[in-house]
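Worksheet: the structure to be examined is printed underneath.
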Number of protein chains: 2
Amino acid sequence: MSNYKTIEAGQLVNIFKALANDHRLKIYTILTRCCTSGTLCTSDEASRYCVGDLDSQLDIAPSTLSHHLKELHRAGLIHMKRDGKQVFCSVNTEIMQQVHTIFSAKPVGVTQ
Amino acid sequence: MSNYKTIEAGQLVNIFKALANDHRLKIYTILTRCCTSGTLCTSDEASRYCVGDLDSQLDIAPSTLSHHLKELHRAGLIHMKRDGKQVFCSVNTEIMQQVHTIFSAKPVGVTQ
DNA sequence: TTTATAATTCGACATATTTCGAATTATAAG
DNA sequence: CTTATAATTCGAAATATGTCGAATTATAAA
């Protein structure tokens, strides 16, 4: 009935599953920080990190990181794009917006 | 440095863990719906459901529901208060507000 | 006090998740 | 073509989570 965007309940639970892990939440947090605190930033200049750069901040095996990135990607939380030998990751700001909406209003914007 | 409220990273992961399950997300969604769609509602009149009422909507054993409610409560997402033989549950709107904040701005409001 | 109702705790079992190392794929450089 | 670098896939092992039924606790009613 409503004409604003909603997240389907099944997808929402996958989003929470994806963020329900220390390493994945840290990855998402790193990708979410696009600029230094106190500086200005526009919403669409999300930061890009290649997998190797993330790995250096995480103390887990590359295969484990790869698995976690796949989970975040499956949930639609991040973008992944190969550029030469490297794969670059960035947040999906659109999904971020929608999750934001869910926590903002009652009744919640979830279709069942 | 900032003087607005933040959620500590460890708590945040527990919040996501709590919501990362079909049954628990449904419980939270039920509690979040304080009024019928289209009617007015003020933010602090969150609905109260007793455990038995939730159970009738969920198709799980009472012991399982009890376990899930404990998880939601541990994460700080819901309040639980006994009134006679029954225990009534309602959302913690303050936490809801804080999670909302996390998805609204970059850099995110998480202390590490 | 005894009985009934509401909810929780406990222990056991099944399923899912996390993690790693080894092997593999993708790409670029020599 | 061969070698090096970046990342992924696969299989196995350890840990965590979800589920139930039986027993227990809390409260109210008879």
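In what follows, every heavy atom counts, from backbone to side chain, and hydrogens, waters and symmetry copies are set aside. The chains referred to below are lettered A, B, ... by the order of the sequence lines, with proteins before strands, and numbering in each begins at 1.
- With sequence neighbours excluded, the residues satisfying side-chain contact (heavy atoms from CB on, under 4.5 Å) with B:Asp53 are B:Tyr49, B:Cys50.
- In summary, contact between chain A and DNA chain D, defined as any nucleotide atom under 4.0 Å from a heavy atom of the protein, begins and ends at D:dT5 to D:dT9 in the 5' to 3' direction.
- Residues of residues 56-64 of chain B that place a heavy atom closer than 4.0 Å to DNA chain D, in numerical order, are B:Ile60, B:Ala61, B:Ser63, B:Thr64.
- The side-chain contact (heavy atoms from CB on, under 4.5 Å) search around B:Asn14 returns B:Lys17, not counting sequence neighbours.
- Residue B:His23 is in sugar-phosphate contact alone, with no base atom involved, counting any heavy-atom pair closer than 4.0 Å across all strands shown.
- The closest donor-acceptor contact from the side chain of B:Arg24 to the backbone of B:Ala18 lies under 3.5 Å.
- A sub-4.0 Å separation between OP1 or OP2 of C:dT19 and a side-chain N or O of A:His68 is present.
- Side chain of B:Ser47 to backbone of B:Leu31: a donor-acceptor contact under 3.5 angstrom is found.
- Contact check of residues 81-89 of chain A against DNA chain C (heavy atom, cut-off under 4.0 Å) returns A:Arg82, A:Gly84, A:Lys85.
- Between C:dT17 and A:Asn21, no contact under 4.0 Å exists linking OP1 or OP2 to a side-chain N or O.
- With B:Thr29 contributing its side chain and B:Leu25 its backbone, the two residues share a donor-acceptor pair below 3.5 Å.
- Between B:Asp53 and A:Lys17, the one whose closest nucleotide on DNA chain C sits nearer the 5' end is B:Asp53.
- Of the inter-residue distances, the one linking B:Phe88 atom CZ with B:Ile78 atom CD1 reads 13.5 Å to the nearest 0.5 angstrom.
- The residue from B:Leu69, B:Ile27, B:Ile30 that alone fulfils the side-chain contact (heavy atoms from CB on, under 4.5 Å) condition with B:Cys89 is B:Leu69.
- Residues meeting the side-chain contact (heavy atoms from CB on, under 4.5 Å) test with A:Asp59, sequence neighbours left out: none.
- Residues that satisfy the side-chain contact (heavy atoms from CB on, under 4.5 Å) test with A:Thr64, not counting sequence neighbours, are A:Ile60, A:Ala61, A:His68.
- The two residues A:His79 and A:Asn92 come nearest to each other via the heavy atoms NE2-CA, 3.6 Å.
- Between the C1' atom of C:dG21 and the NE2 atom of A:His67 lies a distance of 15 Å, rounded to the nearest Å.
- B:Arg74 meets the salt bridge (Lys or Arg N to Asp or Glu O under 4.0 Å) test with B:Glu71; sequence neighbours excluded.
- In this structure, A:Glu71 atom CD and C:dT18 atom P are separated by 6 Å, rounded to whole Å.
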